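Because the structure is predicted, anything quoted here is derived from the model rather than measured. Values below: all heavy atoms of this structure, side chains included; hydrogens, waters and symmetry mates excluded.
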Amino acid sequence: MKIAFKHLSKYFGKVKAVDNLNLEVGDGEFVALLGPSGCGKTTILLMIAGIYKPTKGLIYFDQRVVNNVLPKDRKIGMVFQSYALYPHMAVFDNIAYPLKLKKVHRKETKERVQRVADMMGIGELLDRKPAQLSGGQQQRVALARALIKEPEILLLDEPLSNLDARLRIMMRSELKRLQKDLGITTVFVTHDQLEALTMADRVAVVNLGCFQQFSTPDELYNHPKNLFVAGFIGSPPINFINVSLEKSDGRFLLKSRDLEIPLPKELGSKAGNNSTSSEVVLGIRPEHILINEKEGIDTEIYVVEPLGREILVSAKLGDSMIKVLTSPPFKANMGDRVRLSFNLDKIMLFDKKTEKSLLLDKD
């Protein structure tokens, strides 16, 4: 089933929790709503579920407007962050509860519960209470309860946030595989960029109730539309350096008190044509910086952090701190001078006033 928003808004008094959203989710697509706490992503999910009613705008399921359709009639399954299992009920009864409300025959209920429980790998746990289960098992029970209704839309509200790091990695892959096998249109809310980028077909980045960008994970990472998206996506985070875009002898330069970088002609011309002033922000991801012995920008190592297969180096450039990802072995120590060179094919440039990318075609 397809989902679409048309100028969707939700106000709580004078507070705009969600403001004029337009979005389309394809049939069978896995879409993540990604953003910081309080940005409005759960409010969007609850409007899809019918728990919140939009202040303005329309929500479509396929071609049908569902603004006034009750949650129980929307053919959705939802998994909450807390799982919301009934502690006094056994796993069987927790999973079967939606069928009980629909007065499904006991024999059919038993068959459907066993089938979905086996699919989730908890078929042997049906007699246990939630308190006797691990976090991962409780999450599977919550998913089974959502799936037993055979929903056309699956809504997930940060279902992995209560799991430990190792189990979270395992459940990411299981959830992604399950969604593809079932082909259910899925909307997944998370503040964890790694979850969004690894699981979703497309990601909607949300901030202050507005969509900042709705793209594939690759597009978000390599071609962010604005400063917020560039800074929110990526770990370690992208480096930002305030510079001036200047033209000298027909060439464009990025200049600050501590650096001067000549730009390729095409890159410089595009940035110059799109900028509203000479003040721009240079963005470069840590893995796109090389540490050289003789060439590049002179910096001082502030700290070295071994990460196992990589080493994160923080280097001081004037008042700025530059993060660099390099491979072991790395022999330099704190206080040593090193030279950094940027991969100019990977740099990003943003207008300091509008915060929009200067290297992407305008919408």
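Between atom CD1 of residue Ile233 and atom CG of residue Leu34 there is a gap of 5.0 Å, rounded to the nearest 0.5 Å. Note that the CD atom of Gln137 and the CD1 atom of Ile122 stand 8.0 Å from one another [nearest 0.5 Å]. Considering CD1 of Ile148 and CG of Leu99, their distance stands at 4.0 Å, rounded to 0.5 Å. A distance of 6.5 Å separates CG of Leu46 from CG of Asp157, quoted to the nearest 0.5 Å. Note that the CD1 atom of Ile184 and the CD1 atom of Ile76 stand 12.0 Å from one another [nearest 0.5 Å]. Atom CG in Leu220 sits 5.0 Å away from atom OG in Ser215 (nearest 0.5 Å).
Annotation: side-chain contact (heavy atoms from CB on, under 4.5 Å) contacts of Ala146 (sequence neighbours excluded): Val79, Leu154. For the salt bridge (Lys or Arg N to Asp or Glu O under 4.0 Å) test, residues two or more places apart in sequence or in another chain that qualify with Glu300 are Arg337. Residues passing the side-chain hydrogen bond (donor to acceptor under 3.5 Å, both in side chains) test with Gln139: none are found, sequence neighbours excluded. Judged as a salt bridge (Lys or Arg N to Asp or Glu O under 4.0 Å), and not counting sequence neighbours, Lys353 has no contacts. Listed by chain and residue number, nothing satisfies the side-chain hydrogen bond (donor to acceptor under 3.5 Å, both in side chains) test with Gln193 (two or more places apart in sequence, or in another chain). Residues that satisfy the salt bridge (Lys or Arg N to Asp or Glu O under 4.0 Å) test with Glu174, not counting sequence neighbours, are Arg140. Scored by the side-chain hydrogen bond (donor to acceptor under 3.5 Å, both in side chains) test, Arg177 finds Asp181 as partners (sequence neighbours excluded).
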Inset, instruction - Any chance you could lay out the side chain to side chain contact (heavy atoms under 4.5 Å, CB included) test for Phe80 and Leu45, step after step, and finish with the verdict? - result: CA-CA 11 Å; Phe80 296 90; Leu45 199 75; over 6 Å; no
Legend entry - Audit row: Val25, Thr186, side chain to side chain contact (heavy atoms under 4.5 Å, CB included) steps and yes/no: CA-CA 9 Å; Val25 179; Thr186 301; over 6 Å; no
Inset, instruction - I would like to know whether Thr190 and Glu195 meet side-chain hydrogen bond (donor to acceptor under 3.5 Å, both in side chains); could you show each step before the answer? - result: CA-CA 7 Å; Thr190 181; Glu195 288 180 3; 2.8 Å; yes
Legend entry - side chain to side chain contact (heavy atoms under 4.5 Å, CB included) between Ile95 and Val116, intermediate numbers included: CA-CA 9 Å; Ile95 297 173; Val116 74; 3.8 Å; yes
Inset, instruction - Show your reasoning for whether side chain to side chain contact (heavy atoms under 4.5 Å, CB included) applies to Val187 and Leu33. - result: CA-CA 7 Å; Val187 181; Leu33 301 178; 3.9 Å; yes
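A pairwise comparison of heavy atoms in Leu23 and Ala204 identifies CD1-CB, 4.0 Å as the closest pair. Leu147 and Met120 get closest at one heavy-atom pair: CD1-SD, 4.1 Å. When every heavy atom of Asp62 is checked against every heavy atom of Tyr60, the shortest pair comes out as O-CB, 3.5 Å. For the pair Pro264 and Leu344, the tightest heavy-atom approach, listed with the atom from each and the gap, is CD-CD1, 4.0 Å. Closest of all the heavy-atom pairs between Gly234 and Tyr221 is CA-CE1, 3.8 Å. Smallest separation of non-hydrogen atoms from Arg172 and Thr198: NE-OG1, 3.3 Å.
Residues Asp351 and Ser275 bring no donor and acceptor atom of their side chains to less than 3.5 Å of each other.
With a 4.5 Å cut-off on side-chain heavy atoms, Met348 and Ile284 do not count as touching. With contacts defined as side-chain heavy-atom distances shorter than 4.5 Å, the pair Thr354/Thr276 qualifies. Looking at Val141 and Leu133, their side chains come closer than 4.5 Å, going by heavy atoms from C-beta outward. Counting heavy atoms from C-beta outward, Thr216 and Asp201 have side chains that stay 4.5 Å or more apart. Annotation: side chain of Pro98 is in contact with side chain of Arg145 (closest heavy-atom distance under 4.5 Å). Contact of the Lys352 side chain with the Asn242 side chain is registered, since non-hydrogen atoms from C-beta on lie closer than 4.5 Å. Using a 4.5 Å heavy-atom threshold, the side chains of Leu21 and Ile44 count as touching. With contacts defined as side-chain heavy-atom distances shorter than 4.5 Å, the pair Leu259/Val243 qualifies.
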Cut-off 3.5 Å, no hydrogens considered: what does the side-chain donor-acceptor table look like for residues 312-334, sequence neighbours left out?
residue : atom : partner : partner atom : Å
Ser314  : OG   : Lys323  : NZ           : 2.8
Asp319  : OD2  : Arg257  : NH2          : 3.2

Donor-acceptor pairs under 3.5 Å, side chain of residues 47-56 to any protein atom, not counting sequence neighbours: which ones?
residue : atom : partner : partner atom : Å
Lys53   : NZ   : Asn68   : OD1          : 2.9
Thr55   : OG1  : Tyr11   : N            : 2.8

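Thr43 contributes no side-chain N or O that, together with a main-chain N or O of Lys41, makes up a donor-acceptor pair within less than 3.5 Å. When atom types are taken as modelled, the side chain of Ser269 and the backbone of Glu266 share no donor-acceptor pair closer than 3.5 angstrom. Side chain of Arg202 to backbone of Pro217: no donor-acceptor contact under 3.5 angstrom is found. Under a 3.5 Å cut-off, the side chain of Thr185 and the backbone N or O of Ile153 do not form any donor-acceptor pair. Between the side chain of Ser235 and the backbone N or O of Pro237 there is no donor-acceptor pair closer than 3.5 Å. Side-chain atoms of Asn343 do not come within 3.5 Å of backbone N or O of His288 as any donor-acceptor pair. Looking only at distances, no side-chain donor or acceptor of Glu152 sits under 3.5 Å from a matching main-chain atom of Phe61. Side-chain atoms of Lys2 do not come within 3.5 Å of backbone N or O of Gly26 as any donor-acceptor pair. The backbone N or O of Gly135 sits nowhere less than 3.5 Å from a side-chain atom of Gln138 that would complete a donor-acceptor pair. With Gln213 contributing its side chain and Pro224 its backbone, the two residues share no donor-acceptor pair below 3.5 Å.
Between Asn226 and the choices Glu355, Lys356, Gln212, the side chain to side chain donor-acceptor pair (under 3.5 Å) rule is met once, by Gln212.
Identified under the ring pair (Phe, Tyr, Trp, His ring centres under 6.0 Å) test for residues 230-279, with sequence neighbours left out: Phe228-Phe232. Screening residues 277-286 for side-chain hydrogen bond (donor to acceptor under 3.5 Å, both in side chains), with sequence neighbours left out, gives Ser244-Glu279. Screening residues 85-103 for side-chain hydrogen bond (donor to acceptor under 3.5 Å, both in side chains), with sequence neighbours left out, gives no hits.
Using a 4.0 Å cut-off between charged nitrogen and carboxylate oxygen, Glu219 and Lys225 do not count as a salt-bridge pair. Arg115 has no carboxylate O lying under 4.0 Å from a charged side-chain N of Glu111, or vice versa, which leaves the two without a salt bridge.
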